[in-house]
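Down below is the structure, laid out as structure tokens.
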There are 2 protein chains.
Amino acid sequence: MSVNKNSKLVLERFLPYRLSYLTNIISRKLARLYSDQFDITTHEWKILATLNRHPNISAANAGEKTAMDKVAVSRAIKGLCDKGLVHKIFSKEDRRRSVLNMTEEGEAIYSRIEPLVTEYENSLLAILNSQELSQLDHLLDKMTAHVTSD
Amino acid sequence: MSVNKNSKLVLERFLPYRLSYLTNIISRKLARLYSDQFDITTHEWKILATLNRHPNISAANAGEKTAMDKVAVSRAIKGLCDKGLVHKIFSKEDRRRSVLNMTEEGEAIYSRIEPLVTEYENSLLAILNSQELSQLDHLLDKMTAHVTSD
DNA sequence: TTATTATAGTTACAAATGAAACTTTTTTCA
DNA sequence: TGAAAAAAGTTTCATTTGTAACTATAATAA
């Protein structure tokens with residue numbers, strides 16, 4: 001066990017630092033998959049992936065599902081609409097509420113990006129055996145539940 | 001096992017997303033520990049922690065040790081110097097090379113922040129048993145080594 | 001020696017992000 | 001009712017961040 005418990009601070013072994021180091025590398029590589037070829041930002045990609053699973057949701061709903069704040073959601077949707085990848089109308093019942101869907105072009109681009117992204121995830125998971133996979137899953141859930149509980 | 005292997009993309013189970021979600025929450029909470037009371041940024045804090053372990057290093061060295069790029073390092077050092085927490089001279093042997101040290105005030109502030117930061121890490125680690133701790137350690141090292149190898 | 005290349009660090013500009021204020025519409029409740 | 005509060009989105013402005021260009025010094029090599 002060489003996590004940094006109860007010792008003087010050593011940055012390289014400090015859990016928050018190690019997590020953010022790993023996460024930043026992964027996020028950057030992932031972002032290249034859609035930013036290089038498709039001119040899509042990370043926020044935009046998260047909205048697309050959310051619309052793929054949940055058509056007809058509102059911006060606020062998309063924000064909840066992605067843990068993005070409403071300004072980031074608004075900007076991502078604007079970007080996607082400008083590019084013609086998402087279609088936005090406002091609900092008849094509640095005219096504050098947006099109703100979002102991918103356009104055909106959005107679907108087309110989504111279906112080209114998704115395999116790249118999934119493949120990248122698989123390449124990460126492939127280095128772990130099934131025991132390690134379930135450990136990772138458990139640890140992420142446990143830590144996330146903990147830091148989220150307040 | 002409920003990581004997202006070989007399946008259609010489900011954002012909430014997608015490893016890079018889960019990692020960045022957890023990491024962002026932790027980083028934000030951590031940053032409050034020094035930004036609220038001490039008006040120190042995350043970059044500045046990383047430089048202070050590095051100088052605590054490695055006095056007399058240069059900006060470039062600090063950059064290597066923290067995986068920060070040189071512009072971020074330069075700005076953090078400027079901020080720290082402006083606040084009187086770090087002292088910078090240029091080496092006699094190589095006048096491009098900076099020689100950095102905390103001032104007394106820097107040491108004083110560092111020694112007040114470090115316990116807060118360490119305590120926060122311990123509160124995270126405290127929810128894990130010793131087996132989970134070693135699993136976490138192993139997984140972070142393994143994944144980091146993998147994504148770093150190229 | 002001196003011309004080229006490399007290194008350390010800074011500066012400048014553009015893009016991304018975050019917080020607060022704002023508009024419009026709906027809900028609440030006195 | 002209708003006044004106040006809340007909700008959905010957008011806009012604005014200030015800060016942060018990232019990339020590229022720049023200055024100064026040192027190392028390399030023709």
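Letters go in sequence order (proteins before strands), and every chain restarts at 1. Model, not experiment: these values are computed from the prediction.
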Exercise for review: Select one nucleotide: of dC13(C), dA20(D), dT17(C), the one nearest the side-chain heavy atoms of Val71(B).
Suggested key: dA20(D)
Revision key, fill the gap. Here the distance between atom P of dT23(C) and atom CZ of Phe90(A), to the nearest Å, is 16 Å
Revision key, fill the gap. Testing dA20(C), dG9(C), dA26(D) for proximity to the side chain of Arg95(B), the answer is dA26(D)
Revision key, fill the gap. The residue, Ser91(A) or Lys70(A), whose nearest nucleotide of DNA chain C is more 5′ is Lys70(A)
Check your understanding: Between dT16(D) atom P and His43(B) atom NE2, what is the distance in whole Å?
Key -> 10 Å
Review point. What is the distance, rounded to the nearest whole Å, between atom CE of Met68(A) and atom C1' of dA8(D)?
Key: 15 Å
Exercise for review: Verify the contact: side-chain N or O of Ser74(B) to OP1 or OP2 of dG9(C), cut-off strictly under 4.0 Å; return yes or no.
Suggested key: no
**Study point:** Minimum-distance nucleotide to Arg96(A) side chain [options: dG18(C), dA12(C), dA8(D)]
**Key:** dA8(D)
Check your understanding: Over how many whole Å does the gap from Lys92(A) atom NZ to dT25(C) atom P extend?
Key -> 15 Å
Check your understanding: Between dT25(C) atom P and Glu93(A) atom CD, what is the distance in whole Å?
Key -> 16 Å
Review point. Are the side chain of Tyr34(B) and the backbone of Tyr110(B) linked by a donor-acceptor contact shorter than 3.5 Å?
Key: no
Exercise for review: Verify the neighbour count for atom NZ of Lys142(B): are there more than 12 heavy atoms of other residues, nucleotides or ligands below 6.0 Å?
Suggested key: yes
Check your understanding: What is the distance from atom OG of Ser20(B) to atom CG of Leu19(A), rounded to the nearest 0.5 Å?
Key -> 11.0 Å
Review point. If you count the non-hydrogen atoms of other residues, nucleotides and ligands that lie under 6.0 Å from CZ in Arg32(B), is the total more than 12?
Key: no
Review point. Could one point to a donor on the side chain of Arg75(A) or the base of dG18(C) with an acceptor on the other under 3.5 Å away?
Key: yes
Practice item. Check whether any side-chain heavy atom of Leu116(B) lies under 4.5 Å from a side-chain heavy atom of Gln37(B), and answer yes or no. Key: yes
Review point. Roughly, in whole Å, what's the span from CD1 in Ile89(B) to C1' in dG9(C)?
Key: 15 Å
Review point. If you pin Asp69(B) and Ser98(A) to their nearest nucleotides in DNA chain D, which one's is more 5'?
Key: Ser98(A)
Exercise for review: Provide, to the nearest angstrom, the distance between the CD1 atom belonging to Ile77(A) and the C1' atom belonging to dA8(D).
Suggested key: 11 Å
Check your understanding: Taking CG from Asp82(B) and P from dT10(C), how many angstroms apart are they, rounded to a whole number?
Key -> 11 Å
**Study point:** Contact under 4.0 Å: Lys88(B) side-chain N or O vs dA8(C) OP1/OP2
**Key:** no
Study note, to complete from the structure: Ranking Lys78(A) and Ala72(B) by the position along DNA chain D of their nearest nucleotide, the one closer to 5' is Lys78(A)
